[in-house]
Amino acid sequence: MQLVWTLNGRGWADCTITDHQAEAEVTASSISTAPEDLLTAMARLVTGEAEVRVQFEAEPTAFRWILYREGTDLWIRVLELADGSKHDNAGIEIWSSLQNIDSAVRAVVRCFDGVAQKYGVSGYRGKWGEHFPRSELEALRKAWHNSRHMENT
């Protein structure tokens, strides 16, 4: 699995998600806390939650990520909704994949490490309009490290 976060204009980002079978591109606006929400959702999954949701607002379209964890498996569904306030059933599934939790977390961490390296903290803020989600990235990294340590003891 690979995730790429590209800042396009002030307050807009494209997020490309791929696996060995398919690719999808979703858009996020800085009216939502999409990067922070995705990083926090992944940390919640790592620490034991079975299901989390994240929504990227694309004004008026929304992209809803639904992530289910069972053991080390992570089922990821991405829905496109014409109206983000609507039920999941109103959305169209544009990407789904079954991943190992470690490979999914690794992809998200690598993505945001790459964003920090590409744009820098001030460049990110200048393009996105908000601070780089460093604390959420570090919280995910710490949760992931701790969960892997627990598995090995």
Side-chain angles (χ1 to χ4, degrees), residues 1-8 11-58 62-81 84 88 91 93-153:
M1 180 177 141
Q2 183 179 21
L3 191 69
V4 177
W5 185 267
T6 306
L7 298 175
N8 290 325
W12 290 97
D14 291 323
C15 180
T16 305
I17 184 168
T18 60
D19 67 4
H20 61 281
Q21 294 182 332
E23 175 178 303
E25 186 171 294
V26 300
T27 302
S29 164
S30 62
I31 65 163
S32 68
T33 53
E36 294 87 345
D37 293 348
L38 181 59
L39 290 162
T40 300
M42 294 301 292
R44 289 172 45 203
L45 289 165
V46 166
T47 58
E49 285 196 38
E51 179 181 342
V52 296
R53 291 163 180 265
V54 177
Q55 188 156 299
F56 290 9
E57 297 295 339
F63 296 95
R64 187 172 299 149
W65 300 56
I66 305 168
L67 303 100
Y68 304 97
R69 180 180 179 177
E70 187 172 315
T72 59
D73 290 334
L74 181 63
W75 179 255
I76 306 167
R77 295 179 64 215
V78 179
L79 306 177
E80 181 175 350
L81 295 103
D88 293 348
E93 185 175 283
I94 61 168
W95 191 84
S96 67
S97 182
L98 180 63
Q99 296 288 321
N100 175 281
I101 186 72
D102 280 341
S103 65
V105 171
R106 189 176 306 112
V108 172
V109 168
R110 282 183 180 161
C111 171
F112 284 97
D113 281 346
V115 168
Q117 184 176 18
K118 180 176 181 177
Y119 299 104
V121 173
S122 63
Y124 179 90
R125 181 166 171 79
K127 283 189 159 287
W128 183 245
E130 298 294 335
H131 292 289
F132 180 78
R134 182 163 315 282
S135 61
E136 291 85 358
L137 177 57
E138 292 309 316
L140 172 56
R141 198 184 317 272
K142 182 177 180 181
W144 185 37
H145 174 77
N146 289 346
S147 74
R148 295 178 67 189
H149 177 72
M150 297 277 288
E151 290 173 5
N152 295 328
T153 58

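Keep in mind it's a predicted model, so treat the numbers as computed, not measured.
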**Report entry** Close side-chain approach of T6 to T16, heavy-atom, < 4.5 Å
**Finding:**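 No, side chains not in contact.
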
Report task. Answer yes or no: is there a side-chain heavy-atom contact under 4.5 Å between L67 and W65? Result ->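 Sidechains of W65 and L67: in contact.
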
[X] [atom1] to [Y] [atom2] distance, which is reported to the nearest 0.5 Å:
X    : Y    : atom1 : atom2 : answer
M1   : N100 : CE    : CG    : 11.0 Å
W95  : E80  : CH2   : CD    : 15.5 Å
L7   : Y119 : CG    : OH    : 4.0 Å
I17  : W5   : CD1   : CH2   : 11.5 Å
I101 : I76  : CD1   : CD1   : 8.0 Å
S135 : K142 : OG    : NZ    : 12.5 Å

Looking at [X] and [Y], what are the two nearest heavy atoms and their distance?
X    : Y    : value
E136 : L39  : CB-CB, 3.8 Å
V46  : S147 : CG1-OG, 3.4 Å
Q21  : D19  : N-OD1, 2.8 Å
Y124 : P133 : OH-CD, 3.7 Å
A41  : V54  : CB-CG2, 3.4 Å
S32  : Q55  : OG-O, 4.1 Å

Query raised in the report: Donor-acceptor pair, S97 side chain versus Q99 backbone, under 3.5 Å?
Result: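 Pair absent, no side-chain N/O of S97 close to backbone of Q99.
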
Report task. Could you tell me whether a side-chain N or O of R69 sits under 3.5 Å from a main-chain N or O of G48, the two making a donor and an acceptor? Result ->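 Judged by distance alone, no pair lies under 3.5 Å.
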
**Report entry** Test applied, side chain to side chain contact (heavy atoms under 4.5 Å, CB included); reference residue, M42; option that passes from L74, D37, T47
**Finding:**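 Exactly one candidate clears the test, L74.
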
Query raised in the report: Is the gap between the ring centers of W128 and F112 under 6.0 Å?
Result: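 No: the rings miss the under 6.0 Å criterion.
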
Report task. Apply the test side chain to side chain contact (heavy atoms under 4.5 Å, CB included) to residues L38 and L3: give CA-CA distance (whole Å), side-chain angles for both, the deciding distance (0.1 Å), then the verdict. Result -> CA-CA 11 Å; L38 181 59; L3 191 69; 3.9 Å; yes

**Report entry** Neighbour count >12 (heavy atoms, 6.0 Å) for atom CD, E25
**Finding:**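 Yes.
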
Query - Residues R53 and D88 bridged, charged N to O under 4.0 Å - result: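 Between D88 and R53 there is a salt bridge, with a charged N closer than 4.0 Å to a carboxylate O.
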
Report task. With side chain to side chain contact (heavy atoms under 4.5 Å, CB included) as the test, would you mind laying out the steps for I94 and V26 before giving the verdict? Result -> CA-CA 9 Å; I94 61 168; V26 300; 3.7 Å; yes

